[in-house]
Amino acid sequence: MSLEHKLGIHASPTCVLQFGDEGGAIGWLVGEENRGMRCMFTMMNHARINVGLQGVSIAERAYQQAVAYARDRVQSADISQPGGDGVPIIRHADVRRMLMTMKANTEAVRALAYYNAAAVDRAHFGASDDERKAAQGLADLLTPVTKAFATDLGVETTSLAIQIHGGMGYVEETGVAQHYRDARIAPIYEGTNGIQAMDLVGRKLMMEGGLHWRELFQQIRDDLGDLPSKGIWAFWPLIWRMGLMPCKMPRSG
Ligand SMILES: Cc1cc2nc3c(=O)[nH]c(=O)nc-3n(C[C@H](O)[C@H](O)[C@H](O)COP(=O)(O)OP(=O)(O)OC[C@H]3O[C@@H](n4cnc5c(N)ncnc54)[C@H](O)[C@@H]3O)c2cc1C
């Protein structure tokens, strides 16, 4: 037996086990024969949504830390006042771009994960067979997307948090590098994101002749139905919820 020396998640110690003195060991069948994969996938589907939520959570934590640092760190004059005093870096356009990218990405994957989880709930507790079946199809379709998209953005967002910290992001004292190291496992475990993509394209899109993705796309079309007549304002509720309006920008003070 030996402890694993990992890139991150050091609070979750894991080890290598070798069974039997000569590498051999006796195994016992648990449950019915040839039903193991099916049972495992019940667990795996929940685990995949949970790992997606790890991506959301760590992105949110990294964002909060980056905003706090950007308000505190003073560097360079405001571009509109050349030669002036240094200002907190949150006043610089490129830093704001990174913060808004982090925020938009985090809110998007948060919404996706909640939508996915609500579909799982409706698959269990929907009022009718039809509703439960449709919800299960949606949950099956979205699960690999939640897992892969949220964990990829978890890595991207924690990387941006390091960038916002500049050189201090690369040294351990600020703590921001830990988020990046911790986030890096999520695209790998519970099925790598490449495997999630294969699951989506190879199995989920074709379930019931493509019924579920067509229903999802129809739902999206219905939500955006009156876009041409309203222009950008049709997006207002979405924009507001995702915190993209200037009034929702991280405050510089
Ligand atoms: C910290 C940690 C904790 C873990 N915890 C658990 C746990 O609790 N339980 C558990 O069962 N496992 C656990 N794992 C294992 C983890 O789930 C696997 O490492 C992961 O699923 C990837 O499998 P692999 O390492 O065999 O990589 P491989 O399967 O060797 O994959 C290597 C690369 O090849 C790609 N690849 C593989 N096959 C294909 C293909 N057919 N087509 C295209 N690309 C492919 C992969 O996407 C990946 O990029 C853990 C791993 C780590 C690091």
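Every number for a ligand or one of its atoms is a count from 1 in the order of the listing.
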Q: Should Ile49 and Thr143 count as side-chain neighbours, where that means a heavy-atom distance under 4.5 Å?
A: yes
Q: Show your working on side chain to side chain contact (heavy atoms under 4.5 Å, CB included) between Tyr189 and Ile9 and close with a plain yes or no.
A: CA-CA 12 Å; Tyr189 60 17; Ile9 59 168; 4.3 Å; yes
Q: Just to confirm, does any protein heavy atom lie below 4.0 Å from atom 46 (C) of ligand 1?
A: yes
Q: Going by a strict under-4.0 Å cutoff (protein heavy atoms only), does atom 23 (O) of ligand 1 have a neighbour on the protein?
A: no
Q: Let's go through Glu32 and Arg38 carefully: what are the C-alpha distance in whole Å and the side-chain angles of both, what is the deciding distance for salt bridge (Lys or Arg N to Asp or Glu O under 4.0 Å) to 0.1 Å, and is it a yes or a no?
A: CA-CA 11 Å; Glu32 273 180 70; Arg38 178 178 279 264; over 6 Å; no
Q: Quick one: does atom 42 (N) of ligand 1 have a protein heavy atom under 4.0 Å from it?
A: yes
Q: Under 4.0 Å from atom 10 (C) of ligand 1, is there at least one protein heavy atom?
A: no
Q: Under the 4.0 Å line, does any protein heavy atom show up next to atom 7 (C) of ligand 1?
A: no
Q: Looking at ligand 1, does Ile188 have a heavy atom less than 4.0 Å from it?
A: yes
Q: Out of curiosity, Arg184 CZ to Lys6 NZ, how far, rounded to the nearest 0.5 Å?
A: 15.0 Å
Q: Return yes when at least one protein heavy atom is under 4.0 Å from atom 33 (C) of ligand 1, and no when none is.
A: no
Q: Report the nearest protein non-hydrogen atom to atom 38 (N) of ligand 1: residue, atom name, distance rounded to 0.1 Å.
A: Ile195 CD1, 4.0 Å
Q: For atom 13 (C) of ligand 1, is some protein heavy-atom partner under 4.0 Å away?
A: no
Q: Give a yes or no on this: more than 12 heavy atoms of other residues, nucleotides or ligands lie within 6.0 Å of atom OH of Tyr180.
A: no
Q: Checking a contact table here: which protein heavy atom is nearest atom 3 (C) of ligand 1, and how many Å away?
A: Tyr189 CD2, 3.7 Å
Q: Check each atom of ligand 1 against the heavy atoms of Glu190 and keep those under 4.0 Å away; list them by number with element.
A: 17 (O)
Q: Could you tell me whether Asp140 and Lys204 make a salt bridge, using a distance below 4.0 angstrom between a side-chain N and a carboxylate O?
A: no
Q: Starting from atom 1 (C) of ligand 1, find the nearest protein heavy-atom neighbour and note its residue, name and distance.
A: Lys6 CD, 3.8 Å
Q: Within the structure, does at least one protein heavy atom fall under 4.0 Å of atom 53 (C) of ligand 1?
A: yes
Q: Met198 near ligand 1, heavy-atom distance under 4.0 Å?
A: yes
Q: Does some side-chain heavy atom of Arg96 sit less than 4.5 Å from a side-chain heavy atom of Ile90?
A: yes
Q: Looking only at atom types and distance, does a side-chain atom of Arg122 sit under 3.5 Å from a main-chain N or O of Gln136, one as donor and one as acceptor?
A: no
Q: Check the pair Lys133 / Glu208 against salt bridge (Lys or Arg N to Asp or Glu O under 4.0 Å), numbers first and verdict last.
A: CA-CA 11 Å; Lys133 203 167 161 221; Glu208 299 193 57; 3.8 Å; yes
Q: Is a donor on one side and an acceptor on the other found under 3.5 Å between the side chain of Gln196 and the backbone of Glu190?
A: yes
Q: Which of the listed options, Ile185, Ile9, Leu7, Thr192, holds the heavy atom that is closest to atom 48 (C) of ligand 1?
A: Thr192
